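Working notes, beginning with the structure itself.
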Amino acid sequence: MEQVSAKADDVMLSVKDLTVGFGSNIVLDKLNLDIYRGEILGFVGASGTGKSVLMRTVLRLLRRRSGTIRIFGLDFDKASEAERLALDMKLGVLFQHGALFSSLTVKENIQVPMREYLDLPQAMMDELARLKIELVGLAPEAANKYPSELSGGMIKRAALARALALDPALVFLDEPTSGLDPIGAAEFDELIAKLRDTLGLTVYMVTHDLDSLFSVCDRIAVLGQKKVMVEGTIEDMLAFDDPWVQSYFRGKRARSIVRKT
Ligand SMILES: Nc1ncnc2c1ncn2[C@@H]1O[C@H](COP(=O)(O)OP(=O)(O)O)[C@@H](O)[C@H]1O
Ligand SMILES: [Mg+2]
């Protein structure tokens, strides 16, 4: 791998001048974003602004028009096939839709990435799946259940267990608490914070949940006008002069949370 300086070493993901579009629809235009080691970055923006597109581009599921993406200091374009493979294994993903394969049990879902990247005996994969299930706070019996037999909160936890299957360093969560009731969402947030602390994860979390932003995110980035419009703390958001940011962070729902903190 390339040599990187000590400071750059703390940047887990660096996106520079990223442009992504579909036909004439430019979704992201020269977007810049850095994510630092050990932080939980909350990523927000109006619906359809490109939050999922950014995540999918970083994961190389979508093609970009221009710009560079460095993960753990390594420029993907300059990486060898072996380096890319090693890098992919260090990324965990919880997608916005289709969190789990419905035809597979929880255990089998968690083992999908293991089968894809590792060559392990079944007994070892079973043991690893058991550990991941425990890690995300699911009961051992959940292992042999199908997604249709689980509650919304359990599905999110199982999907998180699959994202953690290969012990990633950087985890992408696309609206992980959407569809959960406030208590379920708060419990999921606590789990994320706990895993960050115990596993040393770096977390990129797309969320619409103001409670999550206030309670677990260290830093917030707002996507708007095809760029990261503003990034920083809640205070930085409150001070930022943009109508969408103001109505989002100072709206009715936000006020009741701000008062609590
Ligand atoms: N595969 C695709 N093909 C064409 N357009 C797409 C595709 N994926 C996303 N888009 C467009 O990109 C924009 C951003 O979408 P998305 O990233 O899903 O928004 P969100 O911020 O809600 O996650 C939308 O206008 C959407 O229609
Ligand atoms: Mg989305």
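Just follow the structure's listing: the first ligand is 1, and inside any ligand the first atom is 1. This one's a predicted model, so the numbers in the text were calculated from it and none came from an experiment.
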Report yes if [X] has an N/O atom closer than 3.5 Å to an N/O atom of ligand 1; otherwise report no.
| X | result |
| --- | --- |
| V27 | no |
| G48 | yes |
| K51 | yes |

4.0 Å protein heavy-atom contact status of atom 21 (O) of ligand 1, strictly under
yes
Under the 4.0 Å line, does any protein heavy atom show up next to atom 4 (C) of ligand 1?
yes
Ignoring hydrogens, just give me the one of V53, V44, L61, T57 whose non-hydrogen atom is nearest atom 17 (O) of ligand 1.
V53
Please check this pair: side chain of R64 against backbone of T57, looking for a donor-acceptor N/O pair closer than 3.5 Å.
no
Examine distances only and state if a side-chain atom of Y248 and a backbone atom of H208 form a donor-acceptor pair shorter than 3.5 Å.
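Side chain of Y248 to backbone of H208, a donor-acceptor pair under 3.5 Å: yes, one is there.
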Let me see the working for S151 and K156 under side chain to side chain contact (heavy atoms under 4.5 Å, CB included), right down to the final yes or no.
CA-CA 9 Å; S151 70; K156 301 286 186 180; over 6 Å; no
Please determine, by modelled atom types, if [X] and [Y] share a side-chain donor-acceptor pair under 3.5 angstrom.
| X | Y | result |
| --- | --- | --- |
| D29 | Q225 | no |
| Q246 | D242 | no |
| N144 | T105 | no |
| S14 | D34 | yes |

List the steps, then state whether side chain to side chain contact (heavy atoms under 4.5 Å, CB included) holds for K107 with K145.
CA-CA 8 Å; K107 182 177 86 175; K145 295 210 161 114; over 6 Å; no
Set out, in order, the CA-CA distance, both residues' side-chain angles and the distance that settles side chain to side chain contact (heavy atoms under 4.5 Å, CB included) for V11 and Y36, then state yes or no.
CA-CA 4 Å; V11 179; Y36 301 97; 3.7 Å; yes
Between ligand 1 and S47, can you find any atom pair, the residue atom being a heavy atom, that is separated by under 4.0 Å?
yes
For [atom], what is the closest protein heavy atom, and at what distance to 0.1 Å?
| atom | value |
| --- | --- |
| atom 27 (O) of ligand 1 | N25 ND2, 4.8 Å |
| atom 8 (N) of ligand 1 | F22 CZ, 3.5 Å |
| atom 18 (O) of ligand 1 | S52 CB, 3.7 Å |

Could you check L201 against I192 for side chain to side chain contact (heavy atoms under 4.5 Å, CB included), going step by step and ending with a plain yes or no?
CA-CA 9 Å; L201 295 176; I192 296 296; over 6 Å; no
To the nearest 0.5 Å, atom CG of D189 lies from atom SG of C217 at 7.5 Å
Do any protein N, O or S atoms sit under 2.8 Å from the Mg ion (ligand 2), and which ones are they?
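Less than 2.8 Å away from the Mg ion (ligand 2) sit S52 OG, Q96 OE1.
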